[in-house]
Amino acid sequence: MNSCTLHPGEPACDRFGLIEIEDGTGARAWTCVEHAIRAIWTIDGVHVVRDLRTERAGAGR
C-alpha cells in the first residue's frame with residue numbers, strides 16, 4: 001500500500017495514499033483523501049488519476 005506523500009512541509013501523514021493525483025506538469029503523488037481534496041482546491045490543474053477506493057481487488061496496474 002502507498003503512503004500519503006503530499007504536503008512534505010507538514011508533519012508526516014500516517015494515512016494510506018489511496019488516491020493518485022497529477023498536476024499540470026505531469027508530476028504525480030499518492031495521497032490520502034484529505035490531502036487529495038486540499039490539493040484539488042489549492043493547486044491549479046490537479047486532477048485524480050486513480051482512486052483505489054473505487055477499484056475492485058486485483059484490478060488496476
Side-chain angles (χ1 to χ4, degrees):
M1 182 62 66
N2 303 304
S3 298
C4 179
T5 59
L6 204 61
H7 299 288
E10 296 180 6
C13 180
D14 61 354
R15 291 171 283 204
F16 291 122
L18 299 174
I19 300 174
E20 185 179 22
I21 60 171
E22 181 177 65
D23 67 14
T25 68
R28 292 184 177 197
W30 284 99
T31 69
C32 66
V33 175
E34 180 181 338
H35 283 132
I37 292 168
R38 276 200 225 170
I40 289 168
W41 284 345
T42 61
I43 302 171
D44 191 36
V46 168
H47 63 276
V48 173
V49 177
R50 288 180 72 191
D51 185 344
L52 297 181
R53 299 170 306 158
T54 63
E55 293 183 9
R56 291 186 297 162
R61 295 175 230 176

Engineer: Got a sec, which residues hit salt bridge (charged side-chain N to carboxylate O under 4.0 Å, His left out) with D51, two or more places apart in sequence or on another chain?
Structural biologist: R53
Engineer: Who passes side-chain hydrogen bond (donor to acceptor under 3.5 Å, both in side chains) against T54, sequence neighbours left out?
Structural biologist: none
Engineer: Can you spot which of I21, V49, D23 makes a side chain to side chain contact (heavy atoms under 4.5 Å, CB included) with R28?
Structural biologist: V49
Engineer: Please say which of D44, I43, V48, T42 ends up in a side chain to side chain contact (heavy atoms under 4.5 Å, CB included) with V46.
Structural biologist: I43
Engineer: List the residues meeting salt bridge (charged side-chain N to carboxylate O under 4.0 Å, His left out) with E34, not counting sequence neighbours, and say none if there are none.
Structural biologist: R15, R38
